[in-house]
Q: 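Below: one structure in structure tokens.
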Amino acid sequence: MDQIEAFADRRDEIDRMQQRFERASGAAEGTFTGTDATGTVTVVVTPTGHFVEVRVPVTWRDELAPEGLAPAVMDARTEAAMARMAQWGEAVADELDAPAPATRPLPPAYESLAGRIDEYVTRHASPEEAQATTDAFAEFLREVLASIDEAKAEVARAQSAEIVGTSEAGHVRVVVNGTGDVVGVRYDEGWLERAHPANIGRETVQAQAAALRAAGGRTPASVVAGTRLGELERLANDPEALARRLRMTR
């Protein structure tokens, strides 16, 4: 088997595995339920770990002190996240047992960046122009590599930020990081002594909604999109702009 055939086989293998993971991720949708270690608090979360419901029974004070409620809520959230991971793992196992999916076709060479460069350099450019394009492409790649560290640092900064949302009555605060992951819940412990369980759950979801609004719907992908790496990605997907950058216009 020559190198081209080996590369094609490897590409097909990667594509089939990617399809399996994509289908498994689609299967792990909906909502997921978790309960804290005492069996007292139950939460229902989305696939991204956001609270849909926080259920606290009227008897919760028999098991938990007021200062123990917030850790119990986060414990239940972790259990719900584990339930999602278990469902995803089962879906992956099912996909691996199923017949392999058909590979998806590669785009025509003229639609790929490498294909467009090769077409220009080998068929249309003078030796001087071909060298200029090759040099420009090498510089473009160096800039992409250099921008990766910057993008990673921006994502890390966003994920280390803390954004607090407060319920309408002010009794509950939920903390999310800069990309919207819930990292903490804080309760007014004096209020917890007299609060109705339904209000505890309602205000927790309210506070989360306020925190997510303040976070502005940012995700790791949207953070990267605002960096130099994101700019270069958009450039790579704009044939005309990229051609100018790589000096492929005449």
Side-chain angles (χ1 to χ4, degrees), residues 21 23-95 155 158-222:
F21 281 122
R23 290 207 291 249
S25 295
E29 293 295 337
T31 57
F32 302 87
T33 301
T35 305
D36 77 303
T38 69
T40 304
V41 177
T42 299
V43 303
V44 180
V45 302
T46 66
T48 55
H50 294 149
F51 298 121
V52 177
E53 292 182 69
V54 176
R55 302 170 185 163
V56 180
V58 294
T59 58
W60 73 269
R61 297 177 187 86
D62 296 340
E63 298 292 338
L64 298 168
E67 63 270 20
L69 183 60
V73 169
M74 293 302 291
D75 185 22
R77 178 182 176 274
T78 299
E79 188 70 18
M82 294 300 292
R84 182 187 183 278
M85 289 300 298
Q87 183 171 321
W88 179 81
E90 291 172 3
V92 170
D94 289 342
E95 284 292 334
V155 171
Q159 292 179 328
S160 65
E162 288 196 351
I163 300 166
V164 179
T166 306
S167 63
E168 293 175 8
H171 301 128
V172 183
R173 290 183 293 170
V174 168
V175 185
V176 301
N177 66 18
T179 55
D181 296 320
V182 176
V183 297
V185 179
R186 301 169 186 166
Y187 291 105
D188 178 337
E189 293 176 8
W191 172 72
L192 286 179
E193 296 282 2
R194 64 183 187 279
H196 190 283
N199 291 335
I200 296 173
R202 179 176 54 81
E203 290 204 31
T204 303
V205 175
Q206 276 184 358
Q208 174 190 252
L212 292 175
R213 284 194 299 272
R218 297 180 86 197
T219 64
S222 68

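From a predicted model like this one, the values you see are computed outputs, not experimental measurements.
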Q: Apply side chain to side chain contact (heavy atoms under 4.5 Å, CB included) to Gln208 and Val172, showing your working.
A: CA-CA 9 Å; Gln208 174 190 252; Val172 183; over 6 Å; no

Q: Who passes side chain to side chain contact (heavy atoms under 4.5 Å, CB included) against Ala210, sequence neighbours left out?
A: Arg213

Q: List in chain and number order the residues that pass ring pair (Phe, Tyr, Trp, His ring centres under 6.0 Å) with His50, two or more places apart in sequence or in another chain; answer none if no residue qualifies.
A: none

Q: Which heavy atom of Pro57 sits nearest to which heavy atom of Pro197, and what is that distance?
A: O-CG, 3.7 Å

Q: Of all the heavy-atom pairs spanning Thr33 and Ala83, show the shortest one and how long it is.
A: O-CB, 4.1 Å

Q: Between Gln206 and Glu168 (side chain of the first, backbone of the second, donor and acceptor by atom type, cut-off under 3.5 Å), is there such a pair?
A: yes

Q: So, the side chain of Arg84 versus the backbone of Ala80: is there a donor-acceptor pair under 3.5 Å, distance only?
A: no

Q: Going by side-chain hydrogen bond (donor to acceptor under 3.5 Å, both in side chains), name the residues that satisfy it together with Thr38, two or more places apart in sequence or in a different chain.
A: Asp36, Thr40

Q: Minimum heavy-atom separation for Ala76 to Val41, with atom names?
A: CB-O, 3.7 Å

Q: Could you note down all residue pairs passing side chain to side chain donor-acceptor pair (under 3.5 Å) where residues 169-182 supplies at least one of them, sequence neighbours left out?
A: His171-Trp191, His171-Glu203, Asn177-Thr179, Asn177-Asp181

Q: What closest approach, in Å, do Val52 and Val205 show between heavy atoms, and which atom pair accounts for it?
A: O-CG2, 3.9 Å

Q: Please name the pair of heavy atoms, one in Gly49 and one in Arg77, separated by the smallest distance, quoted to 0.1 Å.
A: O-NE, 2.9 Å

Q: Measuring only between side-chain heavy atoms, which start at C-beta, is Val164 closer than 4.5 Å to Arg186?
A: yes

Q: Can you pull out every salt bridge (Lys or Arg N to Asp or Glu O under 4.0 Å) where at least one residue sits in residues 50-74? Sequence neighbours excluded, please.
A: Glu53-Arg55

Q: How many angstroms lie between CG in Asn199 and OG1 in Thr204, if you round to the nearest 0.5 Å?
A: 10.0 Å

Q: What pair of heavy atoms forms the shortest contact from Leu192 to Ile200, and how long is it?
A: CD2-CD1, 3.8 Å

Q: Of all residues at least two apart in sequence or in a different chain, which pass the side chain to side chain contact (heavy atoms under 4.5 Å, CB included) check with Pro71?
A: none

